[in-house]
Each structure stands twice: as C-alpha cells, then as structure tokens.
Amino acid sequence: MTTKKRLFLLDAYALIFRGYYAFIKNPRINSKGMDTSAILGFTNSLLDVIKKEKPDYLAVCFDRGGSVDRVEMFPEYKANRQETPEAIRIAVPYIEQILEAMNIPAIVKEGFEADDIIGTLAKKAEKEGLETYMVTPDKDYAQLVSDSIFMYRPPRMGNGYEKWGVEEVQKKFEVERPEQVIDFLGMMGDSVDNIPGLPGVGEKTAKKFLAAYGSMEGLFENIHELKGKMKEKVEANQELGLLSKKLATIMLDVPVELEQDKLIFEQPDIEKTKAIFAELEFRRLTDNFLKTFSQESPASTSDTKPQQAQSTSGQFDLFATPGAGNAATESINGFKTVTNTSHFYQLVNTPVSRKLLLDKLMLQSSVCFDTETTGLKSLEVELIGIAFSWEEGKGYYVSFPEDQEETQQILETFRPFFEAENIEKIGHNIKYDIKVLSNYNMPVKGKLFDTMIAHYLINPDMRHNMDILSETYLNYQPVSITELIGKKGKNQLSMRTVDLDKQTEYAVEDADITLQLKNHFEKELATGKLTELFENVEIPLVSVLTNMEIEGINLNTDFLNNFSKELSSDISSLEQKIYEQADEEFNIASPKQLGPILFEKLKLVDKPKKTKTGQYSTAEDVLSSLKEHQIVSDILEYRQCKKLLSTYVDALPNELNPKTQRVHTVYAQAVAATGRLSSNNPNLQNIPIRTKRGQEVRKAFIPRDKDYTLLAADYSQIELRIIAALSEEETMIKAFQDGEDIHASTAAKVFNVALDEVTREQRSNAKTVNFGIIYGVSAFGLSNQTNLSRSEAKELINAYYETYPKLKNFIAQQVDFAREHGYVETILGRKRYLKDINSRNAIVRGAAERNAVNAPIQGSAADVIKLAMINIQKRFEKEQFKSKMLLQVHDELVFDAHNDELETIKPIIKEEMENAFKLSVPLDVEIGLGTNWLEAH
DNA sequence: TGATGTTT
DNA sequence: AAACATCA
C-alpha cells in the first residue's frame with residue numbers, strides 16, 4: 001500500500017477551456033448577463049478533485065505570454081489559435097480570486113507554458129518521493145507519466161475521472177514507454193497547437209511507425225523500408241519531423257522551485273470564498289463547497305488529516321469516495337441519479353393492475369405520460385410501453401406485447417384517461433406521443449403541457465433535450481438511452497430487447513423528470529410573462545401541427561422518376577464535357593479535387609480565394625464571376641443538377657410513408673431561435689423555386705385526388721409590413737396602405753425619381769436594402785450582394801435611412817433595449833436573449849445587434865402565421881371541412897382544398913390570415929390554386 | 001467535420 | 001440570419 005504523499009497540479013487554462021466548451025451549447029449566464037461557464041467549469045473540477053482525492057499538496061499552474069522557446073524554434077507555433085473567447089478572458093481574474101480565497105497557490109512563470117511548469121515540478125516531486133497527479137484533459141502530458149507521475153483527466157460526457165498511469169498510456173498510444181508519446185505527437189502533428197507533424201501521417205500511421213521503429217529517429221533510419229508516396233513524403237520532411245518532435249516535448253528545466261511547504265493544501269477561507277461565489281451566483285456550487293469544507297473541524301490541518309481516500313482498499317480506486325461505501329451509489333459529477341435518489345417506479349402488466357392504474361389516473365387533474373416505441377418515426381412505430389407519473393418520484397409503466405391486436409386491446413383500457421377533457425396531459429415533445437397514439441386511433445384530449453416548448457419560450461437559444469434540462473434544473477442525471485440500447489446507428493437495439501425492469505426504470509424516470517420540470521417551468525413562464533404565449537399560441541399549435549403532419553401531402557412519384565432520368569442524363573453529358581475541358585477525369589462534386597484543377601492546372605485566376613481551412617473556395621459566388629469560362633458554367637450547371645437530384649428528386653420518393661403513400665414532414669416547434677418552425681424528414685420548407693429546373697420539383701406536390709385542388713396562401717411582404725408597423729414609419733406605412741409595390745416605392749424615394757421611372761436596377765437595389773434591413777444591414781454585406789462598391793452601398797444605406805428616418809430610429813431602439821435588458825421581444829412577447837450584445841468584440845457584438853433587429857421581425861411574423869394557423873384550424877374543425885391544412889413555409893400555408901369547398905374556404909383563409917393580428921399596417925394575403933404546388937403559386 | 005446549396 | 005440536407 002502506498003503511503004506517498006500526493007501532489008495535484010492543475011493545468012488552469014486547459015481546464016478553463018474545457019469548462020467553457022462543456023457549456024457551449026448551454027452557457028451559464030448570470031443575472032448581470034455575464035457568461036460564467038468557464039469559471040463554473042473550472043471551479044467544479046477544482047472542488048471535485050479536492051473532494052474526491054483530498055490532496056496533500058495542491059497548486060494551479062497558469063500560462064503567461066506563451067512559450068518563448070517554442071516560438072523561437074517555430075514562429076507559427078500556436079499561430080492559428082483563435083482569439084480567446086471573451087468569457088474565458090473575464091474568467092481568469094475571478095479564478096485567481098477564488099484560488100486566493102481558498103488558499104491555493106497559483107504558479108505562473110512568464111514565458112513558459114503550464115505543461116512545462118507542471119512537467120518540471122512533477123519531476124522534482126518525484127525525486128522528493130511524492131506522487132504527482134497532473135490534472136488536465138490535454139493528452140500531451142502522457143509523455144511525462146511514470147510510476148509516480150499520473151495524468152488525472154476530468155470526466156467527459158458521462159464518464160468518470162480517468163487516471164492514466166504507465167499502463168494506460170501504453171494502451172492508449174500503443175507505445176512501450178511514455179516518452180514515445182513525444183514521437184507520436186511529433187509524427188502526427190497537432191492542429192490545435194499548429195505543430196506540423198509529418199505530412200500524410202495521422203494517428204494510425206504514427207502508431208504503426210512507432211511499433212516498427214520505436215521513434216522518429218528510428219523511422220528515419222529505416223526509410224528504405226517504406227514504399228511509394230509515403231516514402232517520398234517522409235524522406236522530404238525529416239527536418240520538419242524533428243522540429244515537430246521538439247515542439248511536442250514538454251520542457252523539464254523551467255526555473256521554478258518545488259516549495260513543498262507552500263503547496264500544502266489547507267482550509268479555504270470559507271467566508272471569502274462564499275462571497276465570490278455569491279457574486280457569481282453559483283448557488284449549487286456554494287452548497288457543494290460548504291458540504292465539503294464546513295463540517296471539517298478547523299483544527300484539522302494537513303499534518304493530521306487522515307488519508308481517507310486511499311484507505312478504503314489496497315488498490316488505488318479512483319471512484320472510491322470517502323463516506324460512500326460503494327462507488328456506484330454516488331454519481332461522479334455530483335448529479336443525483338436513479339441509483340441514489342429514492343423513488344417508486346412500478347411495472348404494470350396484468351389486467352387487474354391496469355384497471356387499478358386507470359382508476360387512479362382518473363382521479364388526477366394532471367398527469368405526465370411518455371411513450372416508448374420501436375423507433376423514431378412516430379407514424380410508423382409500434383408502442384412498447386407508456387409511463388405515467390403524477391407525483392414526483394413516483395410512477396407506473398404499462399408495457400405492451402409485440403402482438404398489435406393485443407396492444408390495441410390493452411391500450412383501450414386507458415381510453416377514458418386519454419379522452420378525459422378534464423385531465424391535463426404533460427409531456428416532453430408531446431406531439432410525438434400524440435402521433436404515436438394516433439396510430440392506434442387514440443386521441444389525446446384535454447389541456448396539454450409540453451416541457452420542451454415551455455423551455456423553448458424560456459430560453460430559445462438553449463437546447464431542450466430532457467437530459468440537459470434535468471441536469472440543469474433538477475441536478476439529476478437520467479439513465480442514458482445510449483447505455484440502454486447503444487449508440488445511434490444501425491447497431492442500436494430496440495427498446496424491446498431491454499428487460500422490463502430496466503424499461504420501467506428508464507421510462508418512468510423520464511415521465512417523473514418531465515413532471516418535475518413542468519412544475520419548474522410553469523413558474524418560470526409566469527415570471528417571464530410567457531404564460532399567455534404558451535397557452536394561447538404554442539400549445540394550441542401543437543394540435544394543429546399534429547394534424548398537418550398526420551395528414552401529409554401527396555407526391556407524384558412517376559413524375560419525379562422521369563425527371564430523375566432526365567437529370568441523370570444531363571449530368572452524365574455535362575460530366576463528359578467537363579472531363580474533356582479539364583483533360584482528365586476527377587470527382588467534380590469534390591471541392592478538394594475541383595479546386596486544384598481550376599486554379600492550378602487551368603489557372604483560371606491569379607489569386608484564388610481560399611476557405612478558412614486553406615482549400616480553394618469553389619463556392620457559387622466565386623465561380624459565378626468566372627462564368628465566361630465554358631468549364632465553369634458547365635460545372636455550375638452540373639452542380640445544380642446534382643443538387644436537385646440528390647436532395648429532392650431522388651430523396652423525396654424515399655420519404656413516402658408505406659401505409660399512407662404520402663409525405664409526412666415533421667415540424668420542429670422548438671428549434672429555430674427566432675420563433676419560426678422548422679421542417680425535417682424531409683424538409684419541405686426548402687423546395688426549390690428560383691430556377692426553372694428547380695421549379696419542376698414543385699410540380700411533384702399534388703392534391704390528394706381528383707376531387708381536390710392545391711391551395712397556396714402567401715403573406716405578401718409580411719416582414720416589411722411588420723417593420724413598418726413596429727417602427728411607425730409613416731412613409732412606408734402609407735406605401736403599404738396604398739397598395740404600392742414596396743420595392744419600387746422605396747427605390748423611387750431613395751433615388752428621388754417618380755414611381756413609374758424607377759429602373760429595374762434601382763428596384764433591385766432597393767429590394768436588396770429592404771431585405772437587408774430585415775436581417776440587419778451592413779455596408780459590407782450589401783456591396784457583396786449587389787454590384788455596388790462598398791462606398792456606394794454605404795451611400796445607398798444613408799439615403800435609405802433619410803427616406804425612412806423612423807426606421808433607423810427603430811433599429812437603434814432595438815439595440816438599446818437589448819443592451820439594457822439583455823433580450824428583445826416580438827409582438828406576442830416571445831423573447832430572445834442576446835448575451836453578446838455588450839461584448840467587446842466588435843464582430844460578435846455586431847452579430848448580436850443584427851439579431852436584436854432581426855429577431856423581433858422574423859419572430860413577429862412567425863407569431864402572426866401561428867395565430868392564423870390556429871384560427872384556421874378552429875374554423876375548419878367547426879365547419880367539418882374535408883379540406884385540410886398541409887404545409888407551412890414561414891409565410892405561406894398550403895392546403896388540400898376539396899373542390900366543393902373551394903369558394904367557401906378561400907375567403908376564410910384570407911380573412912383569418914389577414915386578421916390574425918391587428919397592426920397599423922394592413923396584411924395582404926395572395927391565394928393561388930393549382931393541380932400542383934408550382935401552379936398554386 | 002467542413003463545404004456547399006436550397007428556402008424564407 | 002437561420003434552418004436542413006448531402007457529400008467527401
């Protein structure tokens with residue numbers, strides 16, 4: 001048993017970066033609008049280490065000024081590092097304060113990197129007979145590992161801390177000695193640090209070389225054994241290889257002393273630390289901190305501290321936690337889990353117990369339920385089970401057999417519950433569950449509450465997975481689905497293969513969590529004044545979307561098949577033409593191959609534009625300017641055909657539902673941060689329309705049968721009308737009231753000509769500016785999109801603002817509002833938080849400012865059409881029309897209109913859309929009919 | 001994963 | 001600007 005004292009050295013920046021990126025999708029923002037993710041991430045790691053390991057010695061090492069020596073060797077070292085994110089820059093001073101309050105020494109040496117400092121200290125500690133743990137996620141440290149030096153890597157998603165000793169390093173890197181990690185990194189290179197490595201050598205090859213030759217030098221001595229391209233490359237780059245190796249080597253001669261007595265870990269200053277945490281609003285962390293430290297008697301110093309962590313077993317057990325007998329009972333990252341939280345989850349699979357469950361259900365006023373199914377496509381899956389919960393920590397799971405008739409019978413038991421108007425149904429993405437039940441003709445009635453949508457309104461920019469919500473709001477980590485049925489992909493098991501106890505635990509836990517989240521979000525919706533939007537718009541919309549998705553749309557597959565043949569033949573003839581002109585065959589669809597041909601072989605242009613990864617850009621706007629070359633225009637046409645074929649013509653027929661033979665898209669109601677819907681599987685919101693060839697695809701969308709006609713209803717210029725109304729810009733409002741062509745009208749005023757003298761180009765430029773206003777203008781963007789120079793674009797914008805002064809005012813107001821409140825909102829109070837609005841980085845701030853203008857406009861337009869959809873659906877249901885709403889494309893609704901009802905529903909649709917929300921500008925809706933979607937426009 | 005392209 | 005999808 002080891003009795004060595006243990007030193008923990010933390011790599012500050014590596015941990016800070018890791019903490020920051022761990023929260024990147026769900027950043028922690030405190031009430032002052034400050035992004036505290038990086039601080040929280042780091043401090044969590046720090047407390048974790050202390051709590052679990054009780055270090056004898058502890059220090060945190062910082063980089064300052066980078067490595068002087070390495071930059072001297074190789075000026076490009078770390079040159080492609082992006083600028084440090086703001087949240088990290090502001091984090092460092094706070095972290096220094098926290099360390100000071102906790103009496104933890106920070107070690108900084110100007111001109112050296114943390115890994116060099118840690119390496120040097122670790123080696124010195126080894127001589128002093130200490131055991132060193134290098135706390136860092138950075139795998140470069142593996143080269144330092146020895147019998148008394150270990151890597152201690154913080155947990156990644158769901159895993160625990162990893163301790164890497166010699167054995168682990170041998171396994172991970174497939175080397176005999178840890179020092180060989182240097183050769184490995186030198187060969188492979190590192191794009192993050194911009195260590196070049198050997199060209200053409202990646203992880204696989206580097207491991208192979210090391211196994212065969214042992215080191216970089218060994219490889220160079222045996223170049224004769226290599227073959228072909230690889231031989232040439234290695235031969236030519238020996239110097240680069242040796243340099244890379246040097247760069248990857250952690251220095252062990254940093255002028256820093258190991259002052260043991262200063263590194264002894266002592267009691268933190270609890271009050272001081274608490275104060276800093278309070279300022280940062282780290283509530284949960286404070287609890288955790290107090291639990292760890294305040295019970296310890298003040299007399300206990302490092303000299304008398306018992307060696308609890310190691311004494312539990314002879315072997316060093318990383319997961320053993322003091323006080324907890326069994327590692328499995330405590331989650332590794334401080335979350336509660338199903339194993340350490342008391343709960344009562346019960347399986348229900350007998351007729352008697354089902355009846356009892358129903359009786360209980362019928363007594364409730366509000367119940368959460370969650371279905372388990374055989375897959376993801378709600379309209380094609382079978383039911384495996386349903387979990388119910390109406391009390392926190394408690395719930396029931398009804399399982400269903402494979403036999404679908406039996407399933408139907410069992411489900412019938414619960415019909416009174418699902419049809420009960422007076423029982424509120426709670427779910428997470430409840431549209432999915434309702435659709436699944438619809439396969440069994442089981443309608444879900446009564447009030448709905450969807451926790452996914454609730455959270456979407458509370459913070460649309462965050463993610464709304466139940467797992468993340470549970471960890472964030474309940475401090476509870478649910479059983480991971482991956483653990484149960486494996487990773488996504490074809491090897492994923494079905495829930496049916498999971499044994500019933502596990503199913504019960506997983507499914508009821510989900511329902512339980514959802515119920516708990518609901519209780520949480522209900523309050524938050526109220527504080528954010530979002531309850532009305534939630535209850536009167538988003539929730540009613542759930543049913544509308546459900547109906548639309550179940551309805552689907554008819555597709556003319558014969559037409560698409562013919563079109564596919566046509567396109568394919570066009571593609572192959574274009575292919576031949578291009579090969580001839582390039583004088584070689586290559587993959588035209590690969591920008592990586594196309595770039596060199598165009599710009600190296602054919603040298604079409606002097607200084608080709610490159611992408612950020614250094615490839616030649618072959619994007620549309622780049623190639624468009626080279627259209628005079630036959631090969632380029634052929635390539636553009638080739639690309640267009642290829643795109644149409646793969647994304648639409650060949651893909652759409654595969655999306656037919658086998659039962660209905662129709663296409664059922666899925667609308668995501670909680671994805672687009674502005675409040676819009678999005679459509680997927682397939683996406684029917686980006687069906688081509690601009691080009692002649694693309695329009696053909698629209699012809700494939702047809703009415704249900706000969707008794708129906710497709711009806712498309714479009715808002716005309718809804719976003720401009722909204723901006724006119726919100727800004728109260730009279731000139732623009734008047735133009736709309738008079739029914740003018742808004743772009744021509746704008747052109748007339750901006751260029752100071754009569755309305756009927758506006759040229760095509762003037763109108764087009766005015767249109768671009770109008771459009772640009774909606775997205776937030778910049779002179780740069782505008783000159784890119786038009787043939788105007790940067791200064792002409794600027795002039796145009798100025799003239800535009802003079803024409804519409806109130807509009808300029810409105811834009812400034814939005815930005816000011818966002819600066820003050822941290823968010824902007826739509827006409828219905830839908831909020832969008834803009835955490836970067838006060839950023840010191842002009843680019844980041846500019847984007848936030850454009851969002852401040854764009855979000856209320858786009859979002860209000862989304863609000864309006866959502867209201868219209870709800871009202872139309874109501875009317876349709878009341879009149880029991882055969883006609884059905886099928887699609888929504890942001891400002892357009894598409895219907896299967898029964899021919900007998902055509903003249904009845906046309907005015908209804910128009911009226912409901914135009915009057916969905918009263919603005920000071922009239923809304924205008926154009927309706928078209930046709931035997932396909934293109935005609936209906 | 002990055003590049004490209006489609007829509008509003 | 002912001003979705004989704006495809007390809008290498």
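Naming: A, B, ... by sequence-line order, numbering from 1 per chain.
- Rounded to whole Å, atom P of B:dG5 lies 14 Å from atom CD of A:Glu637.
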**OP:** Could you check A:Glu538 against A:Gln669 for side chain to side chain donor-acceptor pair (under 3.5 Å), going step by step and ending with a plain yes or no?
**Re:** CA-CA 8 Å; A:Glu538 298 295 345; A:Gln669 208 182 336; 2.8 Å; yes
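- Looking only at atom types and distance, the side chain of A:Asn681 has no donor-acceptor partner in the side chain of A:Glu655 under 3.5 Å away.
- The residue A:Leu677 sits apart from the nucleic acid: no heavy atom pair falls under 4.0 Å.
- In this structure, A:Lys610 satisfies the cation-pi test against A:Tyr616, with its NZ or CZ atom closer than 6.0 Å to the six-membered ring centre and inside 45 degrees of the ring normal.
- Spacing between atom CD of A:Glu655 and atom P of C:dC4 amounts to 14 Å, rounded to whole angstrom units.
- Between the P atom of C:dC7 and the CD atom of A:Gln640 lies a distance of 16 Å, rounded to the nearest Å.
- Taking only side-chain nitrogens and oxygens, A:Arg676 never comes nearer than 4.0 Å to OP1 or OP2 of B:dT8.
- Comparing atom distances between the A:Arg690 side chain and each of B:dT6, C:dA1, B:dG5 picks out B:dT6 as nearest.
- Rounded to a whole Å, the CD atom of A:Gln615 is 11 Å from the C1' atom of B:dT1.
- Checking A:Lys699, A:Arg698, A:Arg693 one by one against A:Glu696, the salt bridge (charged side-chain N to carboxylate O under 4.0 Å, His left out) holds for a single residue, A:Lys699.
- When the side-chain nitrogen and oxygen atoms of A:Arg639 are compared with OP1 and OP2 of B:dT6, none of them lie within a distance under 4.0 Å.
- Contact between the side-chain N/O atoms of A:Ser646 and the OP1/OP2 oxygens of C:dA5 is not found at any separation under 4.0 Å.
- For A:Pro591, the listed nucleotide lying nearest its side chain is B:dA3; candidates were B:dA3, B:dT8, C:dA3.
- Among the nucleotides C:dA3, B:dG5, B:dT4, the one closest to any side-chain atom of A:Ser617 is B:dT4.
- Residue A:Leu644 is classed as having no contact, given no heavy-atom separation below 4.0 Å to the nucleic acid.
- The side chain of A:Asn587 places an N or O atom within less than 4.0 Å of a non-bridging phosphate oxygen (OP1 or OP2) of C:dA8.
- When the nucleotides C:dA8, B:dT8, B:dG5 are ranked by their closest atom to the side chain of A:Ala589, C:dA8 comes out on top.
- One can place NE2 of A:His890 at 16 Å from P of B:dT6, the figure rounded to the nearest angstrom.
- Put simply, the residue from A:Asn686, A:Asn680, A:Leu684 that forms a side chain to side chain contact (heavy atoms under 4.5 Å, CB included) with A:Pro682 is A:Leu684.
- If you measure from atom CG of A:Leu652 to atom C1' of B:dT7, you get 14 Å, rounded to the nearest angstrom.
- The nucleotide whose nearest atom lies closest to any side-chain atom of A:Pro688 is, among B:dT7, C:dA5, B:dT8, B:dT7.
- Within the nucleic acid shown, A:Asn686 comes within 4.0 Å of at least one base atom, counting heavy atoms only.
- Between A:Leu834 atom CG and C:dA1 atom P there is a gap of 13 Å when expressed in whole angstrom units.
- Using a 4.0 Å heavy-atom criterion, one finds that A:Ala673 contacts the sugar-phosphate atoms exclusively.
- Evaluated for a side chain to side chain contact (heavy atoms under 4.5 Å, CB included) with A:Tyr823, the options A:Lys831, A:Arg832, A:Arg830 yield exactly one hit, A:Lys831.
- OP1 and OP2 of C:dA5 both lie 4.0 Å or more from every side-chain N or O belonging to A:Thr647.
- Listed nucleotides: B:dT4, C:dA2, B:dT6. Nearest to the side chain of A:Ala619: B:dT4.
- In this structure, A:Gln593 places its CD atom 16 Å from C1' of B:dT4, rounding to the nearest Å.
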